[in-house]
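All remarks here apply to the structure that follows.
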Amino acid sequence: MKLINILREMSLDTSNLPDGGDCFNSAYEYMVENGPKNKNLKLVHSVVSGQGKLSGKRYTHAWCEDGDNVIDTSNGNNFQVIKMLYYGIGNVNPNQGKYYDYNETLRMSNKYGNKGPWEIENKVYIEKFISKTGFYD
């Protein structure tokens, strides 16, 4: 897939904001379906910088990771891309995210009674991403 197509696919609409979209449900469902047969799969809850119509906003988001690949199934998509590119475009700080394997996913869902988020607040962040390098320093 060409980089320009990846960037177009990441131009998300406002349904991905915390008051809309289905990222936590869809990422959870992907993990529950695929986690038992893929021990490398992780469910991720973190904060991303919006692209396209969401440019300038940071908000909570969920996706799955299989090693160095991201699988984002939000809003009916099955977007797969290299983790480094996804993190770079979304300004994802790996230290800010919460990562869950299959068993942790089931445990957290049972504990909180939902499909996420569990340990990170679901909101739009007003602070802007600032970095000297364009990535988290």
Side-chain angles (χ1 to χ4, degrees):
M1 176 178 275
K2 292 184 179 181
L3 180 58
I4 191 68
N5 293 334
I6 292 170
L7 294 173
R8 281 188 190 126
E9 287 188 36
M10 290 191 72
S11 293
L12 306 171
D13 63 29
T14 56
S15 62
N16 262 345
L17 290 173
D19 61 349
D22 69 349
C23 64
F24 290 101
N25 288 339
S26 66
Y28 174 88
E29 293 298 333
Y30 188 90
M31 170 56 91
V32 169
E33 182 178 331
N34 296 286
K37 56 190 172 209
N38 184 348
K39 302 302 180 198
N40 293 324
L41 196 63
K42 299 284 185 198
L43 172 66
V44 182
H45 295 167
S46 194
V47 178
V48 298
S49 292
Q51 305 300 312
K53 295 176 185 175
L54 295 177
S55 184
K57 293 181 174 37
R58 290 187 53 75
Y59 56 95
T60 50
H61 191 52
W63 63 90
C64 289
E65 293 180 3
D66 183 0
D68 290 332
N69 296 304
V70 166
I71 304 106
D72 187 334
T73 56
S74 61
N75 302 315
N77 294 306
N78 185 12
F79 180 67
Q80 298 186 30
V81 68
I82 297 170
K83 181 177 171 178
M84 183 175 73
L85 180 61
Y86 192 87
Y87 277 46
I89 292 170
N91 294 316
V92 177
N93 180 344
N95 298 319
Q96 191 176 24
K98 303 294 181 182
Y99 301 81
Y100 308 97
D101 66 19
Y102 175 73
N103 290 325
E104 291 167 325
T105 297
L106 296 180
R107 185 177 60 78
M108 295 300 277
S109 178
N110 187 50
K111 177 180 178 179
Y112 288 93
N114 63 42
K115 297 177 182 178
W118 304 309
E119 300 177 293
I120 188 169
E121 189 176 357
N122 191 22
K123 71 175 195 173
V124 175
Y125 294 81
I126 56 173
E127 69 270 9
K128 294 204 174 197
F129 171 75
I130 299 171
S131 170
K132 297 174 196 157
T133 62
F135 294 94
Y136 276 89
D137 299 320

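Quick note: residue numbers are just sequence positions, from 1.
Relative ring orientation between Tyr112 and Trp118 is described as parallel, the plane-to-plane angle staying below 30° on a 0-90° scale split at 30° and 60°.
Interatomic distance, OG1 of Thr105 versus CG of Asn110, reported as 12.5 Å (0.5 Å rounding). Within the model, atoms CH2 of Trp63 and NZ of Lys42 stand 14.5 Å from one another, a figure rounded to the nearest 0.5 Å. Residue Tyr99 holds its OH atom at 13.0 Å from CD of Glu104, rounded to the nearest 0.5 Å. Taking OG from Ser109 and CG from Leu43, the interatomic distance works out to 10.0 Å, rounded to the nearest 0.5 Å. Here the NZ atom belonging to Lys123 is positioned 9.5 Å from the OG1 atom belonging to Thr60, to the nearest 0.5 angstrom. Between atom CG of residue Asn69 and atom CE of residue Met84 there is a gap of 11.5 Å, rounded to the nearest 0.5 Å.
Between Gly97 and Ser46, the shortest heavy-atom contact is CA-OG, 3.5 Å. Residues Leu41 and Cys64 approach most closely at CD1-CB, 4.1 Å, considering heavy atoms. Residues Phe24 and Ala62 approach most closely at CD2-CB, 3.5 Å, considering heavy atoms.
A side-chain donor-acceptor contact under 3.5 Å links Tyr87 and Glu65. Side chains of His45 and Asn122: a donor-acceptor N/O pair is absent below 3.5 angstrom, by distance only.
Two residues are said to be in side-chain contact when any heavy atoms from C-beta on lie closer than 4.5 Å; Ser49 and Lys57 fail this criterion. Two residues are said to be in side-chain contact when any heavy atoms from C-beta on lie closer than 4.5 Å; Lys98 and Met108 fail this criterion. Counting heavy atoms from C-beta outward, Tyr28 and Asn114 have side chains that stay 4.5 Å or more apart. At least one side-chain heavy atom of Asn91 sits less than 4.5 Å from a side-chain heavy atom of Arg58.
Note: the hydrophobic cluster containing Tyr100 does not contain Val47 (ILVMFWY, side chain heavy atoms under 4.5 Å, direct or indirect links). Under the 4.5 Å side-chain heavy-atom criterion for Ile, Leu, Val, Met, Phe, Trp and Tyr, Leu106 and Tyr30 are members of the same hydrophobic cluster. Residue Met31 is not grouped with residue Val44 when hydrophobic side chains (ILVMFWY) are merged at heavy-atom distances under 4.5 angstrom, including chains of intermediate members.
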Q | side-chain contact (heavy atoms from CB on, under 4.5 Å) assessment of Tyr86 paired with Ile82 | A | CA-CA 6 Å; Tyr86 192 87; Ile82 297 170; over 6 Å; no
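Exactly one of Asp72, Ile71, Val70 qualifies for a side-chain contact (heavy atoms from CB on, under 4.5 Å) with Phe79. That residue is Asp72.
At distances below 3.5 Å, at least one donor-acceptor pair connects side-chain atoms of Asp22 with backbone N or O atoms of Asn75.
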